[in-house]
Amino acid sequence: MKAMILEKICDLAECAEPLRLEDLPDPVPGGGEILVRVSACGVCHTELDEIEGRTPPPLLPVVPGHQVVGRVEKAGPGARRFRNGDRVGVGWIHSACGRCDYCTSGLENLCADFRATGRDVNGGYAELMTVPESHAFPIPGIFTDVEAAPLLCAGAIGYRSMALTRISGIKKLGLTGFGASGHLVLKMVRHRFPDMEVFVFARSPGEREFALELGAVWAGDTINTSPEKLDAIIDTTPVWKPVVEALRNLAPGGRLVINAIRKEDSDKDYLLNIDYAEHLWMEKEIKSVANVAGSDIAGFLELAAEVPIRPETEVYPLEDANRALVELKQRKIRGAKVLKLD
Ligand SMILES: [Zn+2]
Ligand SMILES: [Zn+2]
């Protein structure tokens with residue numbers, strides 16, 4: 001099979017082609033697994049964290065990609081959930097132990113044996129991949145393959161982030177950073193909580209304009225002060241400045257939810273700007289989002305179909321994965337980037 005593989009950790013500012021097109025042997029589904037023929041795979045910021053070594057794959061080479069849509073090609077021994085030809089999606093969660101206290105209480109995203117698609121095992125930047133059938137999700141019929149791909153990570157983790165804000169109790173929500181996940185959260189909020197006001201902080205004018213088009217009541221730069229204090233803010237940026245600035249814009253008792261697997265160190269010194277009285281006092285709190293549970297993916301897909309939420313996408317052929325990654329790094333973003341396979 002054709003696959004784009006990551007062979008070594010590198011800085012994308014110095015290597016424009018971190019992945020290499022390779023012909024690999026077709027994977028074989030093990031017990032309880034299915035073999036999926038991939039038709040689309042979303043490009044996620046987490047791939048940059050893998051390539052640049054902030055959350056490095058434990059073994060190289062690896063095939064990245066964890067927003068995978070495809071069709072079941074073959075079932076491994078004991079796998080009975082799907083029939084050949086069924087359309088399924090695979091997200092960041094490839095497997096977890098299934099037995100620990102976290103797994104048995106719906107928090108498999110926190111399991112010590114959490115294994116991530118496209119980092120700990122081969123993912124979807126390839127023609128074929130395998131996954132436990134328990135972590136493959138049927139895709140609602142109203143979505144095309146390309147539309148469904150970003151729902152599996154950006155959407156599912158946006159859904160988890162929203163829940164962690166204690167969404168039903170809030171009136172004013174902030175989003176700092178407005179890429180793939182942020183724009184899906186805004187669409188979700190507009191439909192589920194039409195009275196909620198959403199304030200967007202984004203560095204690029206294009207992203208701010210896009211946020212207003214999608215129904216944000218206000219859009220400003222990351223360092224701007226919002227016209228009102230906010231009950232909760234979701235941060236989807238890779239850096240620290242927006243965290244500090246978001247804390248300043250929170251209302252008393254407000255919660256900042258950081259949806260990032262890793263933060264870059266480039267502006268870490270900005271944290272020294274934290275003033276306890278201004279940024280943290282008055283019972284403000286910070287909560288991070290880690291991974292996704294299967295219930296986030298299933299729950300979000302159901303909600304996305306009901307609304308419906310269709311992501312804005314930019315499509316690239318598999319061979320152009322490097323270009324998609326570099327453009328993501330350079331923040332040339334409008335919606336979600338998706339690799340399409342023939
Ligand atoms: Zn992702
Ligand atoms: Zn577990």
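All figures in this text were calculated on a predicted structure; none of them were measured in a lab. For reference, positions follow the sequence shown, starting with 1. As the structure lists them, so they are numbered: ligands from 1, and atoms in each ligand from 1. Scope of the values below: all heavy atoms of this structure, side chains included, with no hydrogens, waters or symmetry mates.
At most 12 non-hydrogen atoms from other residues, nucleotides or ligands lie less than 6.0 angstrom from CD of E302. No more than 12 heavy atoms of other residues, nucleotides or ligands shown are found within 6.0 angstrom of CD on E17.
Salt-bridge check for D235 with K263: passed, with a basic side-chain N closer than 4.0 Å to an acidic carboxylate O.
No other N/O/S atom of H66 lies as close to the Zn ion (ligand 1) as NE2 does.
Listed by chain and number, the hydrophobic cluster partners of V315 are V146, V338, where partners are ILVMFWY side chains within reach of under 4.5 Å, directly or through others. Under the 4.5 angstrom side-chain criterion for Ile, Leu, Val, Met, Phe, Trp and Tyr, the cluster partners of W281 are F199, F201, V217, W218, I223, L230, I233, W240, V243, V244, L247, L250, L256, I258, Y270, L271, I274, Y276, L280, M282, I286.
Residue pairs meeting the side-chain hydrogen bond (donor to acceptor under 3.5 Å, both in side chains) criterion with at least one partner in residues 50-71, sequence neighbours excluded, are E47-H66, D49-R54, E52-R54, E52-K329, T55-R119, R71-D145.
Shown here are the protein N/O/S atoms lying under 2.8 Å from the Zn ion (ligand 2), water excluded: C97 SG, C100 SG, C103 SG, C111 SG.
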